[in-house]
Amino acid sequence: MRAFTALIARDLRLSLRIGGEALTLVLFFVMIGVIVPFAIGPDKGQLARLAPGIVWIAAFLSMLLGLDRLFRNDDDDGSLLLFRHAAIPLEAIVAAKTIAHWLLTALPLLVATPVLAILLAMDFESWWRTTFSLLLGTPALVAFGALGAAVTVSLRRGGLIAPVLILPLCVPVLIFGVGAISGGSSGPALLFLAAISLVVSTFAPFAAALALRVAGD
Amino acid sequence: MTLDAAAKKSNWFSRLAHPGQFLSWSRPLVLPLAVLSALLFAIGLWLSFFASPEDYQMGDMVRVMYVHVPNAWLSQFVYGVMAVSALGTLVWRHPLADVAGKAAAPLGAVFTALALYTGALWGRPTWGTFWEWDGRMTSTLVLLLIYLGIIALWRAFDDQLRAARIVAIVTLVGAINIPVIKFSVDWWNTLHQPASIFTAKGPRMPLSILTPLLIMAIAFTLLFLTLHIVSMRTEIFRRRAETLSRQAALSAEAN
Amino acid sequence: MEHAVFILWAYLGVAVLVAALVLYVAWDARRVAARLKALEARGIRRRSAGKAS
Amino acid sequence: MSPSHALPQRRLKVSGLCCRRGERLLIDQLDFEVAAGEILLLRGPNGAGKTTLLLALAGVVRPEAGSIALTGGEADAGSMSDLHLLGHRAAVKPRLTVAENLRFWADMNGGERALIEPALVAAGLAHAEALEAGHLSAGQTRRLALARLLVAERPVWLLDEPTAALDSDGELLVGRLLDAHLLRGGLVVAATHHDLALRPPVRLRTLTLGVPA
């Protein structure tokens with residue numbers, strides 16, 4: 001357990017010290033919100049209707065953007081090799097890194113949603129729903145992302161292929177994520193979303209650890 | 001920590017599945033399979049065009065079904081083949097499993113694309129639209145994307161041995177999509193009709209329509225098997241050729 | 001035959017793509033076999049050639 | 001160094017080991033044994049498979065045939081955390097301080113934080129403790145990597161060129177660390193081109209790996 005928390009603490013500390021990474025991601029996230037009104041016109045009603053979907057797409061793209069860093073740095077400096085001999089199994093290490101990655105890439109976005117809500121003319125109700133559905137859905141996105149990052153860690157041009165691989169897998173998350181926002185019967189969609197997140201973040205560390213083992217062989 | 005490399009089993013299966021053995025026993029299969037497939041296509045096409053009645057509901061559009069359903073079936077069957085190969089790669093580390101998985105991916109992608117294409121052409125007159133975001137069409141599109149991703153991943157690796165195991169992991173994870181396609185019609189019932197051949201109460205269509213459909217499905221499946229065997233043989237030869245040319249490069253360096 | 005156009009296009013598309021696939025697979029097989037033969041003709045042998053084939 | 005209480009006794013037995021890298025069979029039918037308190041030096045030209053052998057012993061590279069057994073533990077399971085691997089790459093984060101790097105690996109490998117100070121002193125990095133590791137020289141980074149072996153006590157050390165990038169002082173340091181480790185009943189497999197500065201009563205064996213075919 002000490003190793004688990006030490007790894008999360010290290011990743012957080014490194015990111016804070018290097019600085020700006022989380023900020024860049026938030027900036028990207030907000031910038032999508034700025035771009036969209038230019039692309040589809042500044043009609044408030046239309047913006048408000050599209051807003052939840054735009055927020056989800058922005059979150060999804062931001063997640064893809066940060067993906068390559070998840071294992072790449074540790075692979076480059078040899079840490080990943082040594083993680084195999086840590087006091088905890090590689091699966092737990094992947095889980096710890098995934099949690100740290102969620103804290104660094106998804107949590108700042110959740111904090112930044114109010115800005116996007118104002119830009120996209122969302123009312124309080126749909127902002128709240130959007131944030132809640134992001135909270136439930138992003139763990140699944142990050143877990144699939146960890147899998148994609150692990151699978152492509154030994155590829156130099158992996159940064160490009162990982163999104164292509166995990167995009168189809170993330171489709172159900174997006175379906176239920178957006179479904180949970182649009183009023184009416186959002187209860188089942190929220191439950192589905194929570195279930196997907198739970199299942200995916202449970203099994204993804206195993207698949208990702210397997211991929212990392214293969215990549216080192 | 002005790003590491004023992006897996007002892008070589010020598011049952012009939014592992015002997016047949018040895019790449020060299022596979023090359024010799026698969027060779028005489030190709031021509032008969034191809035001929036049989038062509039024959040069934042001829043019969044199936046004749047039946048579906050001239051010898052089958054119009055459906056009381058769909059009218060003559062039922063004839064599109066004879067090419068749509070076999071391709072839809074293959075899109076999932078081929079993924080099943082790839083998933084089993086992936087297990088073979090990960091669990092038994094069988095070289096032939098790598099080859100089978102790699103050879104199947106482009107074939108599966110083509111059949112999936114055809115399923116979508118014929119589906120769109122069938123949808124236009126019956127539903128009034130080429131494309132609808134309903135559960136089964138969407139999940140089939142996702143399946144096509146997974147196929148393309150897997151092909152891209154194969155091509156991204158130089159080392160095919162490592163690629164095989166990593167692609168196998170992705171293939172197995174992507175297999176979640178297959179049950180989603182299967183049940184999407186029930187979960188998310190919009191336009192696409194529910195299952196009508198494999199139901200608990202038996203097929204829900206008259207024999208005059210079922211017969212050409214089955215013949216076409218078998219013909220397409222045999223076509224896939226033929227192409228798969230040929231592609232696997234090609235892949236084995238390709239790997240040999242690559243080994244040889246690397247060897248040639250090495251010995252050229254030495255001289 | 002009120003929907004003849006759609007039926008025709010469906011069968012045509014399938015025929016074209018399947019034919020392309022078959023031709024590609026056959027062409028690929030020939031190409032690789034020729035390459036292997038050329039390499040073997042240059043006197044390069046696999047070390048495990050004896051037991052494998 | 002902390003008082004030299006004994007390490008758990010381990011025995012490494014390798015039999016019929018074959019390892020393949022890509023097309024080439026690098027290691028063919030290798031047999032050897034290393035007992036507690038022994039050091040095995042791997043010799044051989046570049047490309048002879050020294051690193052591959054170390055990676056195989058570390059359970060990273062899967063051997064094509066043969067077996068690697070590390071015996072003597074309470075149970076065979078969990079023995080991955082019985083060994084330290086020192087590779088070419090230092091696994092040092094430039095934006096963490098020297099002490100933070102060590103503390104991380106102490107936590108990660110189930111070591112004790114009390115060992116960090118003595119390890120820094122032993123590696124000759126005591127003065128650089130609060131420095132960001134990115135400011136270290138190549139040799140100092142290597143010393144930091146060596147100090148990592150000391151913050152979590154493990155009986156088996158697998159070292160790949162432990163003296164690389166080190167000055168003569170650093171080579172003596174490696175010798176001292178190895179002596180102490182062997183004296184406590186540790187087991188070392190080291191791939192090296194240099195002679196290590198070991199004190200005479202050492203149970204040293206050498207294995208020369210062949211030239212690539």
Side-chain angles (χ1 to χ4, degrees), chain A residues 53 64 71 84-85 91 94 140 143-176 178-179 185 188-189 191-192 195-196 199-217, chain B residues 1 3 5 75 79 83 86-87 89-91 93 98 105 109 112 133-181 183-184 187-188 190:
Chain A
L64 291 182
F71 296 113
R84 290 156 177 257
H85 309 116
E91 286 78 8
V94 172
F144 275 133
L147 183 66
V151 160
T152 55
V153 77
S154 57
L155 290 173
R156 259 155 286 120
R157 42 194 190 280
L160 208 66
I161 205 166
V164 173
L165 282 177
I166 61 168
L167 200 130
L169 299 175
C170 289
V171 166
V173 182
L174 285 175
I175 290 173
F176 291 113
V178 176
S185 60
L191 284 180
F192 252 108
I196 290 177
V199 171
V200 173
S201 41
T202 312
F203 91 88
F206 289 91
L210 186 59
L212 289 179
R213 288 207 173 92
V214 171
D217 190 342
Chain B
M1 172 179 66
L3 262 174
S75 71
Y79 203 90
L87 275 181
T89 296
L90 285 178
V91 180
R93 302 185 152 249
D98 307 357
T112 310
W133 290 98
D134 93 318
R136 181 156 287 186
M137 295 166 86
T138 309
S139 52
T140 305
L141 180 63
V142 167
L143 182 63
L144 179 62
L145 292 179
I146 293 178
Y147 272 123
L148 296 179
I150 285 174
I151 295 171
L153 194 59
W154 269 113
R155 301 179 67 97
F157 278 90
D158 298 325
D159 178 355
Q160 294 292 294
L161 274 176
R162 182 181 298 175
R165 272 176 282 156
I166 285 187
V167 173
I169 295 169
V170 175
T171 307
L172 286 180
V173 171
I176 316 167
N177 193 44
I178 294 294
V180 171
I181 297 178
F183 294 115
S184 60
W187 287 346
W188 196 357
T190 48

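Residue numbers start from 1 in every chain, and the chains themselves are labelled A, B, ... in the order their sequence lines are given, proteins ahead of strands. Computed from a predicted model, the values in this text were never measured in an experiment.
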Compare every heavy atom of [Y] with every heavy atom of [X], then report the nearest pair and how far apart it is.
X: B:Arg162; Y: A:Ser154; answer: NH1-CB, 3.8 Å
X: B:Val173; Y: A:Phe144; answer: CG1-CE2, 4.4 Å
X: A:Ile161; Y: B:Ala156; answer: CD1-CB, 3.8 Å

With only heavy atoms counted, which part of [X] is less than 4.5 Å from chain B, the side chain, the backbone, both or neither?
X: A:Val214; value: both
X: A:Ala204; value: neither
X: A:Leu210; value: both
X: A:Ile166; value: neither

Interface residue of largest heavy-atom contact number with chain A, from B:Ile169, B:Leu172, B:Leu145, B:Val170, under 4.5 Å:
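Winner by heavy-atom pair count: B:Ile169.
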Can you tell which of B:Ile150, B:Ile146, B:Leu90 has the highest number of heavy-atom pairs within less than 4.5 Å of chain A?
B:Ile146
Using heavy-atom distances under 4.5 Å, tell me whether [X] contacts chain A through its side chain, its backbone, both, or neither.
X: B:Asp159; answer: neither
X: B:Ile166; answer: both
X: B:Leu148; answer: neither

Considering residues, nucleotides and ligands other than B:Phe157, do more than 12 of their heavy atoms fall under 6.0 Å from its CZ?
yes
By the definition side-chain contact (heavy atoms from CB on, under 4.5 Å), identify the one residue from A:Cys170, A:Pro168, A:Pro172 that meets it with B:Val142.
A:Pro168
